[in-house]
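Here is the structure we will look at.
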Amino acid sequence: MTERLSTGVKGLDSMIEGGIPKGFFVALTGEPGTGKTILCLHFTDEGLKSGDGCIYVTTEESRESILNQADQFGLRLREELGKRLILIDALMGEGEWSLRHLELDELIEKVVEAKKVLGYGRARLVIDSMSAFWLDRPAMARRYSYYVKKVLSKWDLTILATSQYAISTSEAFGWGVEHIADGIIRFRRRVVNGMLKRFVIVEKMRQTNHDLFMHEIEIRPNQGLRVLGPIGLRREDERQFRR
Ligand SMILES: Nc1ncnc2c1ncn2[C@@H]1O[C@H](COP(=O)(O)OP(=O)(O)OP(=O)(O)O)[C@@H](O)[C@H]1O
Ligand SMILES: [Mg+2]
């Protein structure tokens with residue numbers, strides 16, 4: 001039977017037969033503010049709880065910003081920092097666990113170094129975001145993702161990598177990650193009756209009989225991300241997403 005890693009969000013786990021298959025490279029895509037980073041925090045917290053080593057690479061926010069956000073949801077990243085959690089700051093970090101340049105080779109080198117420090121055994125890796133590595137070379141997205149997946153596949157890592165969507169077109173920024181990834185969890189947002197609503201759909205999960213519905217999610221203080229339930233069963237829901 002496939003070994004699966006819980007995402008830390010029960011409602012999402014039940015959409016993917018209990019969790020992400022071990023060793024997968026899963027892309028989290030979606031517009032700004034839709035919950036990608038917050039899911040990464042849950043995934044990390046869950047890993048720490050179950051004794052996995054965790055490596056978290058942040059390119060969009062500082063180390064402190066990530067820790068503060070985790071604190072707000074009662075996720076225990078801060079107390080595991082430097083123990084079972086290594087947080088690599090690629091934005092403005094200094095010191096050992098930071099990247100000087102947003103270069104893939106440097107990223108891979110640091111991740112491998114971190115994995116060696118954590119030791120043998122199952123580990124989780126978050127790269128938030130992968131898009132940062134092809135900022136000025138969007139056409140390289142596929143090749144870069146392939147490279148990361150191939151090189152890191154030897155290290156017993158299960159990987160979540162976020163990828164941003166262009167706001168104007170809702171097209172993935174950089175193309176091709178979706179084909180390389182073993183899974184795609186897609187976040188979306190809509191203003192419905194004057195209110196911002198957020199949704200998640202599993203667009204792909206290899207080796208998994210995954211849920212096919214779009215689900216509404218909510219993000220709450222102290223709780224974080226929660227899946228509320230499927231939409232699309234009602235006509236007005238369906239109309240919102242038809243283009
Ligand atoms: N303490 C909190 N309580 C309730 N909601 C919160 C709290 N903190 C953050 N949020 C919500 O979460 C959103 C941020 O979600 P998240 O950081 O996961 O977005 P993202 O998909 O990673 O976006 P980006 O692509 O810009 O990085 C905020 O805009 C806010 O709506
Ligand atoms: Mg984010």
Side-chain angles (χ1 to χ4, degrees), residues 7-13 15 20 25-47 54-78 85 87-93 99 102 107 124-135 138 141 144-145 159-175 177-178 181 183-203 214-228:
T7 60
V9 176
K10 279 202 194 76
L12 181 60
D13 287 346
M15 292 167 70
I20 296 171
F25 174 96
V26 172
L28 302 186
T29 66
E31 295 86 358
T34 45
K36 301 182 296 296
T37 296
I38 294 172
L39 178 58
C40 292
L41 297 175
H42 281 286
F43 178 74
T44 304
D45 178 70
E46 183 62 32
C54 293
I55 304 166
Y56 195 113
V57 181
T58 171
T59 70
E60 313 291 294
E61 300 176 46
S62 68
R63 180 180 286 124
E64 197 47 37
S65 166
I66 289 294
L67 293 172
N68 282 341
Q69 181 78 86
D71 288 344
Q72 289 184 359
F73 300 132
L75 303 172
R76 293 150 59 133
L77 272 61
R78 197 182 288 276
L85 168 66
L87 219 169
I88 299 172
D89 189 329
L91 182 70
M92 49 175 71
L99 295 190
L102 275 176
L107 169 78
R124 300 178 180 219
L125 169 65
V126 167
I127 304 173
D128 184 17
S129 76
M130 271 294 281
S131 314
F133 292 90
W134 55 74
L135 269 182
Y144 281 5
S145 308
I159 306 174
L160 278 195
T162 71
S163 157
Q164 285 143 359
Y165 264 57
I167 304 167
S168 47
T169 58
S170 276
E171 298 278 316
F173 173 70
W175 44 268
V177 199
E178 287 84 353
I184 305 169
I185 299 174
R186 167 81 154 108
F187 289 87
R188 301 195 68 165
R189 63 179 183 188
R190 279 285 184 280
V191 174
V192 180
N193 297 328
M195 186 187 176
L196 176 67
K197 294 199 171 204
R198 287 175 272 229
F199 306 89
V200 70
I201 184 166
V202 178
E203 291 190 343
M214 174 104 68
H215 290 244
E216 187 172 351
I217 59 175
E218 68 172 9
I219 299 169
R220 284 240 204 118
N222 305 318
Q223 287 185 5
L225 198 154
R226 215 160 61 93
V227 177
L228 298 178

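Read the numbers this way: they start at 1 and go in the same order the structure lists the ligands and their atoms.
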**Asked** Salt bridge between R78 and E64, side-chain N to carboxylate O under 4.0 Å?
**Response** yes

**Message:** Between R226 and E218, does any NZ, NE, NH1 or NH2 come within less than 4.0 Å of an OD or OE carboxylate oxygen?
**Reply:** yes

**Message:** My understanding is that only residues two or more places apart in sequence, or in another chain, count here; which of them pass side chain to side chain donor-acceptor pair (under 3.5 Å) with S65?
**Reply:**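 Per chain and number, S65 pairs via side chain to side chain donor-acceptor pair (under 3.5 Å) with E61.
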
**Message:** Going by the rule side chain to side chain donor-acceptor pair (under 3.5 Å), which residues pair with S145 if we only count those two or more places apart in sequence or in a different chain?
**Reply:** none

**Message:** Can you check which of C40, G33, G30 brings a heavy atom nearest to atom 29 (O) of ligand 1?
**Reply:** G33

**Message:** Out of I219, T58, T162, who is nearest to atom 6 (C) of ligand 1 when you count heavy atoms only?
**Reply:** I219

Tabulate below the donor-acceptor pairs under 3.5 Å that side-chain atoms of residues 191-203 make, not counting sequence neighbours, or state none.
unit_1 : atom_1 : unit_2 : atom_2 : d
R198   : NH1    : G33    : O      : 2.9

Out of all atoms in ligand 1, which are within 4.0 Å of some heavy atom of [X]? Include the element for each.
| X | answer |
| --- | --- |
| T34 | 19 (O), 20 (P), 21 (O) |
| R198 | 13 (C), 31 (O) |
| P32 | 23 (O), 24 (P), 25 (O), 26 (O) |

Who's the nearest protein heavy-atom neighbour of [atom], and how far?
| atom | result |
| --- | --- |
| atom 8 (N) of ligand 1 | Q69 NE2, 2.9 Å |
| atom 15 (O) of ligand 1 | I38 CD1, 3.5 Å |
| atom 17 (O) of ligand 1 | T37 CB, 3.6 Å |

**Prompt:** the Mg ion (ligand 2): which protein N, O or S atoms are under 2.8 Å away?
**Reply:** T37 OG1

**Message:** Taking F73's backbone N and O only, do any of them form a donor-acceptor pair with N222's side chain (distance below 3.5 Å, no angle check)?
**Reply:** no

**Prompt:** Considering distance alone, does some N or O of Q72 sit under 3.5 Å from an N or O of ligand 1?
**Reply:** yes

**Request:** Run the numbers on T58 and D128 for side-chain hydrogen bond (donor to acceptor under 3.5 Å, both in side chains), then give the verdict.
**Result:** CA-CA 5 Å; T58 171; D128 184 17; 5.5 Å; no

